[in-house]
Amino acid sequence: MEEIKIIQEPLRPTSLSAEECRRLAELLFPQITKRPEDYEALYPERDLPAGALVTRLGPSPTGFIHLGNLYGAFADERLAHQSQGVFILRIEDTDQKREVEGAVETLITSLNYFGLHFDEGATVAGEKGAYGPYRQRQRAALYQCFAKLLIQQGRAYPCFCTEAELEGIRSAQAEAKVNPGYYGKWAKHRDLSLAQVKERLEKKEAFVVRLRSLGDPERYFSIEDGIRGTLSMPENNQDFVLLKADGIPTYHFAHVIDDHFMRITHILRGEEWLSTLPYHIELFNTLGWQPPVFCHTTVLMKMEGETKRKLSKRKDPELGLDYYRSLGYHPAAVREYLLTVLNSNYEEWRLANPGLPMEEFAFTTAKMGSSGALFDLNKLSDVSKEVLAGLSAQAVAEFLLDWARTYEKKAYAVMAKDPGYLKAILNIGRGGENPRKDLIFGKQIHEFIRFFFDEEFIYEDAFPENIDKETALRLLEDYLAGYSFDDDNQAWFEKVRQLAAAHGFAAKPKDYKKNPEQYKGHVGDVSSLLRVALSGRRNSPDLWEIQQIMGTERSAARIRQAMEKLRGA
RNA sequence: GGCCCGGUGGUCAAGAGGUUAAGACACGGCCCUUUCAAGGCUGUAACACGGGUUCGAUUCCCGUCCGGGUCACCA
C-alpha cells in the first residue's frame, strides 16, 4: 500500500502552553488514569500467519440489516477466512437513541443463518476474544484516554457550544456562502483559555471534545483504496466531534481507535464513508498510527421509478434479511448470489467448477466493483434454482421443513406428515446431467408441490375446453380401468396413446397436424385432461412420475374426483 | 450548492491504445417434446456527450451532462 502523506506543521497551534494543555486534560478527565501505552500493551499486535487479514463487521444495533449489509459482511468474512485471519463482530452502539432492544441477538442469529460466523467479538451469550470488550459503549474509558492524550498534546479541546449556537454558525456560513462546519475562525471555542473552560465547567455546562484540526482543504493527499485504487482527497479541516457530551465517542473516533487496537488490517465499509475518510486519516496521523487498508464498497442500489437509489432500511423493508429468510430463500443461494455480485469473476469460476464449495474461490477486493450494483431479483432466482438443483432431495426436504416450521405452519403440518412422500416429491427430475430447475425458495416450492397433498389439492386450471364432458368422462373411466402402477413410463404412455385413439384422438400430434379434421384432438389433449384430473393444473412434471409417487390409490381417487367434478359441472 | 465517487446492452458485468467489444440473467425465435421444467441452437441489444493527445480512443487527458454519496453531539 502506498504511503500516506503526513499532515505536518500546525496551521494554527493552540494558544495554550504545553503546561496549560496538561492541566486542561487533567481538569476534564481526572478519572482517566490509564495511559496510552497501557492499552498498547493490553492489545498487542496479533500473531498471525503472513498475509492473514483481520476484518471486522461493525453494525449499529438498530435491529435491521438488509442485503446491502450482508453484501459487505460477506466480503469481510471471505477475506478473513480465506487468509487464515480473524473475522470480528464489533457492536457500534455509540448512539443510544437509536438502539433497539434485542437487536444484537437478532443480528447475530441472522448473520449465522446466512453462514457468517465470527471468530471474535460479540456473541449472543456475551463475547469472546482478547481484544474486547466488543461493544463500544463498554470501551468508553479507552476512548477517553485518547481524548485526554490529544488534549494534552493540544490537538483536541472542549467545546461548549449549544445546539442553538451551532445553528447560528451554520446560518452565518450559509449567508456568507462558505462551507458549513466547525472549523477555522468559525470554531468559537477552539481558543478558549484555561480560565474560561474552568468557568464553564463550574457552571456545569455540557461539553464535547473536538479535534483541533491542522489540515488544509486546499492541499490534497492520495491514498490507495483496496477497491478503487488511488484516491485523491482534500485534507480535513473540520474540528469534528471526538467525544459527545455523554463521553461516548462518535463513529469517527471510535473507528480509528478500535481498528487500531483490534489490529484490523482491512476496513471494508460502504462508500458513504468516503467523504469522511479525511477525518479518519487525520486522526490516524495525529495519533501516529498506521492506517489499515481502506476498502470502500459500492452500495447496493434499488430501482425506484426511473432512477437508482441506495437501499434504505426505512424505505425497503422488503430487502431486509428476514424477508428473504421468511420467503425461504436458501442461505447458500443468497451467498452464491452475493458472491456473483461481489466478485465479477465468480460466475466464471463457478461455471468452470460446478461442484466445488464456494470457499475455494479466491476472493479479492480488486475484483469488487466500484459502481453501484442494482439488486437483481431475477438473478437471485436463477442462482437459487441452480443451487437447489444441486442439493439432494433429502437436503431440500430438510430445508423446506425447517423453513415451514417457522414461517408456514399449516404447510408444515401437511408436508411433515410423511417424510418419505415429501422426499419422493422433491426428488422429481433431480440428479443426472440436466436436472429440473423449478424450485426457487420455500414459499414457492410449497406452492409448486402442494397439489400432491390431498389437504391442499384444488383445481387451479380448467379441464381442456376442446374435450366435451361426455368424452372426458368416458376417457377418465377407461383410463382408470386400464391403469397399472407396474407399467413403466413407456408402457404407460403407450396405453394413453391407445386410449386417445380409441376415443377419436390422434395418437401422435403430428398425425393430428396433418389431418386435423379427422380427429377430436390428439394425445396431448388427453394428457392434458389427465393432468388436470391428477394435479389440478395444466402444467406439471411428468404424469407417470406423479402417479408413481402418489400411488395407485391416491391417483385413482383423483381421477374419480375429477369425474365427480365433471358430472357436477 | 461545495466536495467525493461513478457512467460498457433492460440488469450484473469482462476488457485492452488497434478485438467481429466476452460472458451471465432477462427477453425473442427455432429444435426437442403429451404440458411444464431442463437441454441444444439462435437472435435483438451497449462503450453518455463534446473537445483534445495519437497514425489510431470505448480505453489516456480536459470539459459537459447524467447518476450516486456526503456535508450531525447518526452510524
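When reading the values below, keep in mind they use all heavy atoms of this one structure, side chains included, and skip hydrogens, waters and symmetry mates. Letters A, B, ... mirror the listed sequences (proteins, then strands); counts begin at 1.
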With a 4.0 Å cut-off on heavy atoms, is [X] in touch with a base, just the backbone sugar-phosphate, or nothing at all?
X	value
A:T276	nothing
A:P217	nothing
A:S540	base
A:K367	sugar-phosphate
A:E92	sugar-phosphate
A:S381	nothing

Take atom [atom1] of [X] and atom [atom2] of [N], then tell me their distance rounded to the nearest Å.
X	N	atom1	atom2	answer
A:R430	B:G39	CZ	P	14 Å
A:I467	B:U34	CD1	C1'	12 Å
A:K379	B:C27	NZ	P	13 Å
A:E272	B:C74	CD	P	17 Å
A:D511	B:U34	CG	P	12 Å

Practice prompt. State the CG-NZ distance between A:D511 and A:K514, to the nearest 0.5 angstrom.
Written response: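 If I round to the nearest 0.5 Å, the distance is 5.5 Å.
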Discussion item. Nearest 0.5 angstrom please: A:N236 CG to A:R219 CZ, how far?
Written reply: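 So the gap between those two atoms works out to 12.0 Å.
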Worksheet entry | Residue-phosphate contact under 4.0 Å: A:T340 side-chain N/O, B:A24 OP1/OP2 |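 Answer no for this pair, as no side-chain N or O of A:T340 is under 4.0 Å from OP1 or OP2.
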Discussion item. I want to check one thing: is the phosphate of B:C73, taken as OP1 and OP2, less than 4.0 Å away from some side-chain N or O of A:K97?
Written reply: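 No, A:K97 has no side-chain N/O under 4.0 Å of OP1/OP2 on B:C73.
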Select one nucleotide: of [options], the one nearest the side-chain heavy atoms of [X].
X	options	result
A:R210	B:U34, B:A75, B:C73	B:C73
A:D376	B:C5, B:A75, B:U11	B:U11
A:V523	B:C73, B:C36, B:U34	B:U34
A:F493	B:U34, B:A75, B:C5	B:U34
A:E271	B:A38, B:C5, B:C73	B:C5
A:D382	B:G23, B:C4, B:A26	B:A26
A:D95	B:C74, B:U34, B:C73	B:C74
A:R170	B:A26, B:A72, B:G69	B:A72
A:V241	B:A24, B:C73, B:C4	B:C73
A:N489	B:U34, B:A38, B:C4	B:U34

Practice prompt. Assess the side chains of A:Y143 and A:D258: does a donor N or O sit below 3.5 Å from an acceptor N or O?
Written response: yes
[N] base to [X] side chain: any donor-acceptor pair below 3.5 Å?
X	N	value
A:R228	B:C5	no
A:R436	B:C36	yes
A:R531	B:U35	yes

Discussion item. Can you classify the ring geometry of A:H522 versus A:Y512 as parallel (below 30°), tilted (30 to 60°) or perpendicular (above 60°)?
Written reply: tilted
[atom1] spacing across the pair [N] / [M], given as an integer number of angstrom:
N	M	atom1	answer
B:U44	B:G29	C1'	10 Å
B:G63	B:C25	P	40 Å
B:G6	B:C41	C1'	38 Å

Item to complete: Using the side chain to side chain contact (heavy atoms under 4.5 Å, CB included) rule, pick out the option among A:R56, A:E92, A:Q136 that qualifies with A:H255.
Response: A:R56
Discussion item. Under a 4.0 Å threshold between the charged nitrogen and the carboxylate oxygen, would A:E386 count as salt-bridged to A:K379?
Written reply: no
